[in-house]
Engineer: 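Just dropping this structure here.
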Amino acid sequence: MLNTYEEAIEWIHGLLPHGVKPGLKRVEWMLSRLGHPERKLRSIHVGGTNGKGSTVTFLRSMMQEGGYRIGTFTSPYVEEFNERIAVNGESISNEDFLRAANRVKPLADELSESKFGSPTEFEAITVIAMLFFAETAYPDFVIFEVGLGGRLDSTNVIYPMLSVITNVGYDHTEILGDSLTSIAKEKAGIIKAGTGVVSGCEQPEVIDQIRKVCAEKKAKLYLPGNGFSFAHESSNTEGETFSYQSVFAKREQLSIRLKGAHQVKNAAIALMAVDYLNKYFALVLEENDIREGLKKAFWPGRFEAISSKPCVIVDGAHNPEGIRTLIETVRVTFPGNRVKILFAAATNKNTKEMLRLLNTLSSEIALTSFSFEKAQTAEYLRHEADFTPVISTDDWNKAFDHLLQGADEQTVILVTGSLYFISEVRKERRCVSRK
């Protein structure tokens with residue numbers, strides 16, 4: 001038996017060596033033994049390569065503004081482990097986590113002695129979340145974010161009201177395949193028979209794959225330009241303004257705080273999801289709920305300023321697609337500013353391409369590492385780079401201090417490469433002062 005929250009977290013992290021084992025058998029077995037708590041939930045499933053967390057946040061914020069209790073299951077965490085399981089943005093309590101973990105651990109132990117083998121960390125957390133939502137929190141809706149891929153992701157045991165696929169890009173290619181078509185096939189694995197599907201995908205080969213699955217499953221598909229559309233109108237220090245239209249509604253002068261044109265697209269995807277739920281599942285949201293919900297939506301670690309003198313931006317861009325989007329946002333938001341970059345990444349990432357792209361934004365790049373078993377070393381990154389970094393050290397604080405030297409009010413320090421990395425930086429360097 002686990003006696004404290006700390007023991008529960010230690011047990012969860014102890015499952016990490018079991019790695020990534022795609023498949024649903026272990027989760028299905030544990031949920032069956034628990035009486036299938038996932039079947040008691042009204043759920044929404046959100047997958048995609050990038051933008052999942054922001055889309056979940058926009059959805060949750062609008063629905064919460066309308067008075068609903070919204071559960072969310074997301075990954076990874078930015079501030080604390082508990083935040084992966086939350087209701088209305090409030091993390092699961094230590095006591096509730098411990099209680100659910102004590103229900104799941106005996107099943108995990110039994111599984112480890114069976115032909116299925118031990119569950120992974122993510123599988124155990126998935127079951128803990130479903131048990132908590134179904135038997136303790138009782139939210140009106142739960143939004144589940146896919147961990148990796150879709151078809152064989154442990155969250156794919158749910159039968160949602162709606163499936164959302166934000167986009168498809170190259171990430172986790174060693175598991176999902178090295179072509180957009182193969183990756184799209186895995187992402188489309190969350191589509192269920194007869195359900196609605198909202199997607200922001202635009203590549204022809206990806207759309208073809210998603211259309212094919214939707215036709216097989218008789219699932220209604222909504223895409224940009226085919227079901228809904230949006231137009232980015234302006235950017236300012238407060239965020240973005242845009243207009244939106246779907247087969248169900250039309251809205252002008254919408255505002256969001258999250259920065260970047262890509263966040264407008266994520267917001268539009270969330271709006272289409274809300275329109276669908278309103279039409280087919282009696283989700284009641286007033287116009288003001290939608291507008292205020294969008295304005296209030298905030299997701300840490302997404303182009304987030306943690307200091308102003310100098311300006312320090314943290315952004316969890318963890319693959320080439322994310323880096324491209326980040327570069328575009330920096331150029332729009334800080335035209336003419338001097339940019340310094342602190343970069344660290346996890347293993348199994350296309351760091352060579354990420355570094356090549358970052359070098360188009362700035363020549364002042366520091367390479368470093370962080371406290372995570374899958375963190376790449378600074379030495380490895382230095383060999384991946386086709387430029388000479390201003391400093392290369394596994395001590396990210398040392399690298400950060402090096403970038404601070406000579407930084408003035410026209411300097412932007414950009415911290416990126418891994419959400420786990422920026423989590424460390426946020427905790428230690430928020431409101432940093434120029435030296």
Engineer: Could you label the plane-to-plane angle of the Tyr222 and Phe248 rings as parallel, tilted or perpendicular, counting under 30° as parallel and over 60° as perpendicular?
Structural biologist: tilted

Engineer: Look at the side chain of Arg338 and the backbone N and O of Asp408, then say whether any donor-acceptor pair between them is shorter than 3.5 Å.
Structural biologist: no

Engineer: Which word best sums up how the rings of Phe141 and Tyr68 line up, parallel for under 30°, tilted for 30 to 60°, or perpendicular for over 60°?
Structural biologist: perpendicular

Engineer: Just say parallel, tilted or perpendicular for the rings of Tyr280 and Tyr276, cut-offs at 30° and 60°.
Structural biologist: tilted

Engineer: Taking the side chain as everything from C-beta on, heavy atoms only, tell me whether Phe370 gets closer than 4.5 Å to Ser418.
Structural biologist: yes

Engineer: Determine whether the side chains of Asp395 and Thr393 contain a donor N or O and an acceptor N or O closer than 3.5 Å.
Structural biologist: no

Engineer: If you count every heavy atom of other residues, nucleotides or ligands that lies below 6.0 Å from Glu79 atom CD, does the total exceed 12?
Structural biologist: yes

Engineer: Could you check whether any side-chain N or O of Asn82 sits under 3.5 Å from a backbone N or O of Ile85, counting only pairs where one atom can act as donor and the other as acceptor?
Structural biologist: no

Engineer: Taking 4.0 angstrom as the limit, do Glu353 and Arg356 come out as a salt bridge?
Structural biologist: yes

Engineer: Atom CG in Leu152, atom CG in Leu176: separation rounded to 0.5 Å?
Structural biologist: 9.0 Å

Engineer: Determine whether more than 12 heavy atoms belonging to other residues, nucleotides or ligands lie under 6.0 Å from atom NZ of Lys185.
Structural biologist: no

Engineer: Check the surroundings of atom CD in Glu238: do more than 12 heavy atoms from other residues, nucleotides or ligands lie under 6.0 Å from it?
Structural biologist: no

Engineer: Determine whether the side chains of Gln376 and Thr351 contain a donor N or O and an acceptor N or O closer than 3.5 Å.
Structural biologist: no

Engineer: Spell out, as yes or no, whether a donor-acceptor pair under 3.5 Å connects the side chain of Asp289 to the backbone of Met62.
Structural biologist: no

Engineer: Tell me, do Thr74 and Glu83 make a side-chain contact under 4.5 Å, heavy atoms counted?
Structural biologist: no

Engineer: Can you confirm whether Lys192 is buried at NZ, in the sense that more than 12 heavy atoms of other residues, nucleotides or ligands lie under 6.0 Å from that atom?
Structural biologist: yes

Engineer: Could you tell me if Ser54 and Gln263 have a donor-acceptor pair between their side chains, going purely by distance under 3.5 Å?
Structural biologist: yes

Engineer: Counting distance only, does the side-chain N/O of Lys187 pair as donor-acceptor with the main-chain N or O of Ile165 below 3.5 Å?
Structural biologist: no

Engineer: Rounded at 0.5 Å granularity, tell me how far CG in Asp386 sits from NZ in Lys352.
Structural biologist: 7.0 Å

Engineer: Donor-acceptor pair, distance only, cut-off 3.5 Å: does the side chain of Glu321 make one with the backbone of Tyr170?
Structural biologist: yes

Engineer: To the nearest 0.5 Å, what is the distance between CD on Glu424 and OG on Ser369?
Structural biologist: 8.5 Å

Engineer: Any donor-acceptor pair under 3.5 Å linking the side chain of Lys217 with the backbone of Val213?
Structural biologist: no

Engineer: Any chance you could measure Leu258, atom CG, to Trp299, atom CH2, to the nearest 0.5 Å?
Structural biologist: 10.5 Å

Engineer: With sequence neighbours excluded, tell me which residues meet side-chain contact (heavy atoms from CB on, under 4.5 Å) with Glu90.
Structural biologist: none

Engineer: Nearest 0.5 Å please: distance from the OG1 atom of Thr181 over to the CG atom of Asp208.
Structural biologist: 8.0 Å

Engineer: Do Lys340 side-chain atoms and Ile413 backbone N/O form a donor-acceptor pair below 3.5 Å?
Structural biologist: no

Engineer: Which of parallel (below 30°), tilted (30 to 60°) and perpendicular (above 60°) describes Phe97 and Phe81?
Structural biologist: perpendicular

Engineer: Between Lys250 and Asp275, is there a side-chain N and carboxylate O pair less than 4.0 Å apart?
Structural biologist: no

Engineer: For Arg291, does its backbone N or O pair with a side-chain atom of Lys296 as donor and acceptor, under 3.5 Å?
Structural biologist: no

Engineer: How far does CZ of Arg84 sit from OH of Tyr77, to the nearest 0.5 angstrom?
Structural biologist: 8.0 Å

Engineer: Who pairs with Phe73 by ring-ring contact (aromatic ring centres under 6.0 Å, His included), at least two apart in sequence or on another chain?
Structural biologist: Phe122

Engineer: Within a reach of under 6.0 Å around NZ of Lys398, are more than 12 heavy atoms found that belong to other residues, nucleotides or ligands?
Structural biologist: no

Engineer: Is there a donor-acceptor contact under 3.5 Å from the side chain of His232 to the main chain of Ser234?
Structural biologist: yes

Engineer: Take atom CD of Glu10 as the centre, draw a 6.0 Å sphere, and report whether it contains more than 12 heavy atoms from other residues, nucleotides or ligands.
Structural biologist: no

Engineer: Please check this pair: side chain of Ser61 against backbone of Thr57, looking for a donor-acceptor N/O pair closer than 3.5 Å.
Structural biologist: no

Engineer: Does atom NZ of Lys427 have more than 12 heavy-atom neighbours, drawn from other residues, nucleotides or ligands, at distances under 6.0 Å?
Structural biologist: yes

